[in-house]
Amino acid sequence: MTPPDLELRILAGVHRGATVALDASVAAFSLGSDVQNDVILTDAPFKSVQLSVNAMGFLWDAQGACAQVQVDQGVRAGSLALSLSSAASP
């Protein structure tokens, strides 16, 4: 699966229902509550994490604590939940 087929989906929290389409130029992006992030989530319980898109989904890197997350697998942090999903899936 390539980045044009994917979108970041906010599943729970203040920004529930928001999506960010990822095009082929997006290999990595940051998200969190800090205004310096690529994606700002005001209710994120962390300042910043780096997400690196790969063939299996994305690598979640929170200051060196990494986890591989598969496409359509959700991630929860406090009241925030998100996934990197196929743009074609409901």
Side-chain angles (χ1 to χ4, degrees):
M1 190 167 299
T2 59
D5 300 324
L6 300 175
E7 65 184 12
L8 174 68
R9 295 180 179 175
I10 309 305
L11 306 173
V14 172
H15 306 284
R16 181 177 183 222
T19 62
V20 178
L22 303 176
D23 65 35
S25 67
V26 176
F29 59 96
S30 61
L31 65 84
S33 60
D34 192 296
V35 297
Q36 299 298 317
N37 288 307
D38 299 313
V39 178
I40 301 166
L41 300 170
T42 57
D43 60 333
F46 47 83
K47 289 184 82 167
S48 184
V49 297
Q50 184 75 20
L51 280 70
S52 301
V53 180
N54 58 43
M56 295 179 64
F58 63 93
L59 184 67
W60 173 280
D61 184 351
Q63 299 175 344
C66 299
Q68 176 64 46
V69 182
Q70 295 181 12
V71 171
D72 294 325
Q73 179 183 352
V75 173
R76 181 170 286 280
S79 64
L80 174 67
L82 57 89
S83 71
L84 191 66
S85 299
S86 168
S89 69

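It should be emphasised that the depicted structure is a prediction, and the values quoted were computed from it without experimental measurement.
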Before you tell me yes or no, could you show the steps for Leu80 and Ile10 under side-chain contact (heavy atoms from CB on, under 4.5 Å), namely the whole-Å CA-CA distance, both residues' side-chain angles and the distance that decides it to 0.1 Å?
CA-CA 8 Å; Leu80 174 67; Ile10 309 305; 4.1 Å; yes
Close side-chain approach of Leu84 to Val69, heavy-atom, < 4.5 Å
no
Should Val71 and Leu51 be counted in the same cluster of Ile, Leu, Val, Met, Phe, Trp and Tyr side chains packed under 4.5 Å apart?
yes
Shortest non-hydrogen separation from Val49 to Ala62 and the atoms involved:
CG1-CB, 3.7 Å
Spacing of Gln70 atom CD and Ser85 atom OG [to the nearest 0.5 Å]
12.0 Å
Would you find a donor on one side and an acceptor on the other, under 3.5 Å apart, between the side chain of Arg9 and the backbone of Ala81?
no
Checking Ser33 side chain against Leu41 main chain: does a donor-acceptor pair fall under 3.5 Å?
no
What one should report as the nearest heavy-atom pair of Pro45 and Ala77 is CG-O, 3.4 Å
same_hphob_cluster(Val39, Val75) at 4.5 Å side-chain heavy-atom cutoff
yes
Is a donor on one side and an acceptor on the other found under 3.5 Å between the side chain of Asp38 and the backbone of Phe29?
no
Compare every heavy atom of Ala21 with every heavy atom of Glu7, then report the nearest pair and how far apart it is.
CB-CA, 4.0 Å
Steps toward side-chain contact (heavy atoms from CB on, under 4.5 Å) verdict (Val26, Val20):
CA-CA 11 Å; Val26 176; Val20 178; over 6 Å; no
Can a side-chain donor-acceptor contact be found between Asp72 and Ser83 if the only test is distance below 3.5 angstrom?
no
Rounded to the nearest 0.5 Å, what's the gap from CD1 on Ile40 to CG on Asp34? Could you check?
8.0 Å
Would you check if the side chain of Gln68 reaches a backbone N or O of Phe58 as a donor-acceptor pair within less than 3.5 Å?
yes
Side-chain donor/acceptor of Asp61 to backbone N/O of Cys66, under 3.5 Å:
no
